[in-house]
**Q** 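Shown below is the structure under consideration.
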Amino acid sequence: MNTEGLVEVVLPGKVEPEGLEIRHGAVPAAGPGQVVIRMEATGVSFAEQQMRRGRYYDQPPFPFVPGYDLVGTVQATGEGVDPHLAGTRVAALVKVGGWASHVRVDAADLVPVPDGIGAAEAETLVVNGITAWQMLHRKARVRAGQTVVVHGANGGVGSVLVQLARAAGAQVIGTASPRHHDALRERGVVPVDYRADDLAARIRALAPREGVDAVFDHVGGHGIVDSWRLLAPGGTLVSYGSAATRDAEGSKQWPVLKLLGRVWLWNTLPNRRRAYFFNVWAGRALARNRFRSRLRADLTQVFAALQRGEVTAQIAARLPLARAADALRLAESGTVAGKVVLNP
């Protein structure tokens, strides 16, 4: 008899972190094709910072349980699911629902976590690792000897991106605040202060004469134009967010639509450069099986890179689920490097 109860964190509306609510209930049962995961680690990603402001472009209506991804152990399997999955450690990308002690997930969405990787370590690399891997290898197709620019090189995605790029043999220029520059240099990254007035000029001075082969930009806003202009012929811009508008008012769709419009326009120009707006969920609605197999393959590659020591799991802090408000506040403070992880 399972006497454990369900504990979950609810985002009731547009609130400060302190407005998050803790809810208790019964552990869900696994339906056909599903499993119930006993969560061991989930985390705070940029998405939750946008969601609590009502700024994430396809978030569900309030109230809901946030939590973009999680790592845990399969506790129960539903009909049609291999019962041997019970007791195995898995990762899942869920977009919402991860901030809970027990999470029900389709078995087809699980990615096995290799032995020897801890739950918190693996958690730092789920959404951040998939995003970084797919942008680097599926969109920009970065190769050895190329030069790339990573904005926010100390951030959740940025820190994984710079390590994967270095492992691929690329030269990396990374923007970050000065306090992170020494850590970036240790990773073989050339750092630039992102607050410098002449940021684009500073990057250009460090780049090859023709420009850089790829720019990864999570900021959006007007700076995206500078990112585009840094590209060499044949280069690729990958935009993957609109951090610049996190605290803005007005339409949450507009910044994304504006970005998409720019990307579309740039791609019509005959200058051999490409621009992408990267969304980790792209293709899921149309080709779910292809989406799942690609996700599983890519996250498996990221975990292998972690085992080889090419990527480190950066855990900024670990807090219990009940202190989700403190975790969110800490993640938003901009004072930590790596992922703020929540444990049950």
**Q** For Ala120, is there any backbone N or O sitting under 3.5 Å from a side-chain donor or acceptor partner on Glu40?
**A**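 Between the backbone of Ala120 and the side chain of Glu40 there is no qualifying donor-acceptor contact (under 3.5 Å).
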**Q** Could you tell me the separation between the CG atom of Leu299 and the CD atom of Gln134, rounded to the nearest 0.5 Å?
**A**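 Nearest 0.5 Å value for the CG-CD distance: 9.5 Å.
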**Q** Set out, in order, the CA-CA distance, both residues' side-chain angles and the distance that settles side chain to side chain donor-acceptor pair (under 3.5 Å) for Glu121 and Thr124, then state yes or no.
**A** CA-CA 6 Å; Glu121 283 181 287; Thr124 66; over 6 Å; no
**Q** Could you grab the distance from atom OH of Tyr56 to atom CD of Gln49, nearest 0.5 Å is fine?
**A**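 One gets 12.5 Å once the value is rounded to the nearest 0.5 Å.
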**Q** Between CD of Gln171 and CG of Leu206, what distance do you get to the nearest 0.5 Å?
**A**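 Here the rounded value is 11.5 Å.
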**Q** Are any of the side-chain heavy atoms of Ile173 and Val189 separated by less than 4.5 Å?
**A**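 Result no, sub-4.5 Å side-chain heavy-atom pair not found.
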**Q** Charged N to carboxylate O below 4.0 Å: is that the case for Arg318 and Glu123?
**A**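 Here Arg318 does not pair with Glu123 in a salt bridge, since their nearest N and O are not under 4.0 Å apart.
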**Q** Less than 4.0 angstrom from a charged side-chain N to a carboxylate O is my criterion; do Asp326 and Arg329 meet it?
**A**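 No, Asp326 and Arg329 are not salt-bridged.
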**Q** Does the Gln146 side chain pair with the main chain of Arg143, one donor and one acceptor, at a distance under 3.5 Å?
**A**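 Answer holds: yes.
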**Q** Which distance, rounded to the nearest 0.5 Å, do you find between the CG of Leu93 and the OH of Tyr68?
**A**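 Those atoms lie 6.5 Å apart.
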**Q** Nearest heavy-atom pair of Leu110 and Val90: which atoms, and what distance?
**A**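 Shortest heavy-atom contact: CD2-CG2, 4.0 Å.
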**Q** In Å, rounded to the nearest 0.5 Å, how long is the span from CZ of Arg274 to CG of Asn267?
**A**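 Answer for the CZ-CG pair, Arg274 versus Asn267, is 4.0 Å.
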**Q** So how far is it from Asn343 CG to Leu319 CG, rounded to the nearest 0.5 Å?
**A**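 Taking CG in Asn343 and CG in Leu319, the distance rounds to 8.5 Å.
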**Q** Do Val71 and Arg89 make a side-chain contact, defined as non-hydrogen atoms from C-beta onward lying under 4.5 Å apart?
**A**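 Yes, side chains in contact.
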